[in-house]
Amino acid sequence: MAALSKSIPHNCYEIGHTWQPSCWLSFLHITRGALEESLKIYAPLYLIAAILRKRKLDYYLHKLLPEILQSASFLTANGALFMAFFCILRKILGKFYLWSPGFGAALPASYVAILVERKSRRGLLTIYMANLVLLFCITAAMYMFFFRCKDGLKGFTFSALRFIVGKEEIPTHSYSPEAAYAKVEQKTEKHEEKPRGMNIIALVRKLVDSVCKHGPRHRCCKHYEDNCISYCIKGFIRMFSVGYLIQCCLRIPSAFRHLFTQPSRLLSLFYNKENFQLGAFLGSFVSIYKGTSCFLRWVRNLDDELHAIIAGFLAGVSMMFYKSTTISMYLASKLVETMYFKGIEAGKVPYFPHADTIIYSISTAICFQAAVMEVQTLRPSYWKFLLRLTKGRFAVMNRKVLDVFGTGASKNFPDFTPRLDPRYTAVTPELPIEFS
């Protein structure tokens, strides 16, 4: 508790915005950089989501841009307001305490920022996790169980999973097996009417069909057009292609930036390790889930929603191909949110107004406290994200001065000392620092 009461007399220029003495100009610098990076993050993200959800033209004309700007404003506000409250707290308190440059500034900034974001995106957040793959396995198991249950999932989550694993894994269909077979026959007739010339996709499909045409299909399986083997193989090929194309699209802006200076870098757009990793992750997830579901139908001779728990858990191992803290934490937080609201609907869990906003604010404030006082405790991916959002300015804080609090603030920056204009400093470097 003694450390919490300690303070240092330095001003916000000496500790925080060491590149610029003016608090106002520093705020504008952070805002401009954060807005630029936020647009780079959300523009392709929302565009890809709109394509996957098969949005109509009206959405692209009237809603896409406002949603991108709203989410970009949220992320921008999170970074910019942290700088603002950093300076405001120093002016109010007159000093810096252990909690004020990190947690104290980030808590109100995060609270105000999350109010800017759309309410549907304010999920309950998880700060840390013990094991990345295990967390994803458990999350995937529960998601797939709710997906298989009637009214288990709704909205975008249901649509996304239906796109990924296919509508064949939904236990209730609006058409009978007889109608399904009739559709297959109609498709076959249509294919026969087509000219003999085939494109590459058709040739690959024909090859897969020829390899697996003698494979079995259980009577409980809903994939009437394919046997179980081809069903899993086609699922892998389809989602591998989707993952590969998504990564290619995300790399287009950076690749074309070097179009004239380094043309050879365009090849990395197609032959990049991350492209294949995301493809392998999505493809293996779908094929493992479908394969396990079919296997359980054969073993138990029935189609049961509980199969989704086992299949989803095993499919979660696919995270080994694409270890993403962001994906795991986001899905886990959305799962907690889904279960929380289901508990409210069932009358078994009390409703706390603004719980998502409060939890987000506290979680983000804790992360910012670590980013200021103990960078070594942060996940490298999150630290890189903060550097990207602030254009590297988070790394030029005067952490050597913060070492007096005993957190090892400058441990990762042993050789960095900011060049400060003595006209704007409260404490000259020659004077010793005394605790009050």
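Atoms considered below: every heavy atom in the structure, side chains included; atoms not considered: hydrogens, waters and symmetry mates.
Looking at heavy atoms from C-beta onward, Cys12 lies in side-chain contact with Cys23 at the 4.5 angstrom threshold. Pro418 places none of its side-chain heavy atoms less than 4.5 Å from the side chain of Trp19. Taking 4.5 Å as the limit, some side-chain heavy atom of Thr407 sits within range of a side-chain heavy atom of Leu98. Side-chain contact between Phe147 and Val165: present, with at least one pair of heavy atoms (C-beta onward) separated by less than 4.5 Å. Contact annotation: the side chain of Phe394 never approaches that of Phe385 to less than 4.5 Å [non-hydrogen atoms, C-beta and beyond]. Contact annotation: the side chain of Phe236 never approaches that of Phe285 to less than 4.5 Å [non-hydrogen atoms, C-beta and beyond]. Looking at heavy atoms from C-beta onward, Leu389 lies in side-chain contact with Ser38 at the 4.5 angstrom threshold. Put simply, the side chain of Lys400 does not reach to within 4.5 Å of the side chain of Phe413, judged on heavy atoms.
A donor-acceptor pair under 3.5 Å is absent between the side-chain atoms of Ser110 and the main chain of Leu107, judged by distance alone. A distance-only check finds a donor-acceptor pair linking the side chain of Gln70 to the backbone of Val116 [under 3.5 Å]. A donor-acceptor distance shorter than 3.5 angstrom exists from the side chain of Ser100 to the backbone of Tyr97, with no hydrogens or angles considered. Proximity of a side-chain donor or acceptor of Ser284 to a complementary backbone N or O of Phe281 within less than 3.5 Å is detected.
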Next on the checklist: Working note: Val372 + Phe103, criterion side chain to side chain contact (heavy atoms under 4.5 Å, CB included); need CA distance, chi angles, decisive distance, verdict.
Outcome noted: CA-CA 9 Å; Val372 173; Phe103 188 90; over 6 Å; no

Checklist entry - Given Ile68 and Leu45, is the side chain to side chain contact (heavy atoms under 4.5 Å, CB included) satisfied, shown in steps? => result CA-CA 9 Å; Ile68 292 174; Leu45 181 66; over 6 Å; no

Item to check | Check against side chain to side chain contact (heavy atoms under 4.5 Å, CB included), Val317 and Cys137 | outcome: CA-CA 6 Å; Val317 179; Cys137 288; 4.2 Å; yes

Checklist entry - Given the rule in the side chain to side chain contact (heavy atoms under 4.5 Å, CB included) test, do Ile15 and Met397 qualify, once you have shown the distances and angles that lead to the verdict? => result CA-CA 6 Å; Ile15 302 295; Met397 293 184 71; 4.3 Å; yes

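When only modelled atom types and interatomic distance are considered, Arg148 and His307 share no side-chain donor-acceptor pair under 3.5 Å. For Tyr244 and Gln277, the side-chain atoms include no donor-acceptor pair closer than 3.5 Å.
Rounding to the nearest 0.5 angstrom, the gap separating the CE atom in Met373 from the CH2 atom in Trp99 is 11.0 Å. To the nearest 0.5 Å, atoms CZ (Arg32) and NE2 (His29) are separated by 5.5 Å. Taking CG of Leu402 as the reference point, atom OG of Ser410 lies at 8.5 Å (rounded to 0.5 Å). Rounding to the nearest 0.5 Å places CG of Asp304 at 10.5 Å from SG of Cys220. Note that OG of Ser318 and CE of Met239 are 11.0 Å apart. Values are rounded to the nearest 0.5 Å. A distance of 10.5 Å separates CD1 in Ile51 from CG in Leu245, rounded to the nearest 0.5 Å.
Salt-bridge formation is detected for the pair Glu37/Lys40: a Lys NZ or Arg NE/NH1/NH2 atom is positioned less than 4.0 Å from an Asp or Glu carboxylate oxygen. Between Arg399 and Asp403, none of the side-chain N atoms (NZ, or NE/NH1/NH2) sits under 4.0 Å from a carboxylate O, so this pair counts as no salt bridge. Electrostatic pairing of Asp303 and Lys222 counts as a salt bridge here, judged by a charged N lying under 4.0 Å from a carboxylate O.
Ala280 and Phe240 make their closest contact through N-CD1, 3.5 Å (heavy atoms, listed as atom of the first residue, atom of the second, distance). Residues Phe96 and Phe405 come closest through the heavy atom pair O-CZ, 3.7 Å. Of all heavy-atom pairs between Cys294 and Tyr231, the closest is SG-CD2, 3.9 Å. In terms of heavy atoms, Thr18 sits closest to Asn398 at CG2-N, 4.1 Å. Contact between Thr364 and Ala106 at its shortest, heavy atoms only, is O-CB, 4.5 Å. Listed here is the closest heavy atom pair of Leu278 and Gly243: CD2-O, 3.4 Å.
Using cut-offs of 30° and 60° on the angle between ring planes, the pair Phe82 and Phe368 is tilted.
The number of heavy-atom neighbours closer than 6.0 Å to NZ of Lys411, taken from other residues, nucleotides and ligands shown, is 12 or below.
A cation-pi arrangement, defined by a distance under 6.0 Å to the six-membered ring centre and an angle within 45 degrees of its axis, is present between Arg238 and Phe163.
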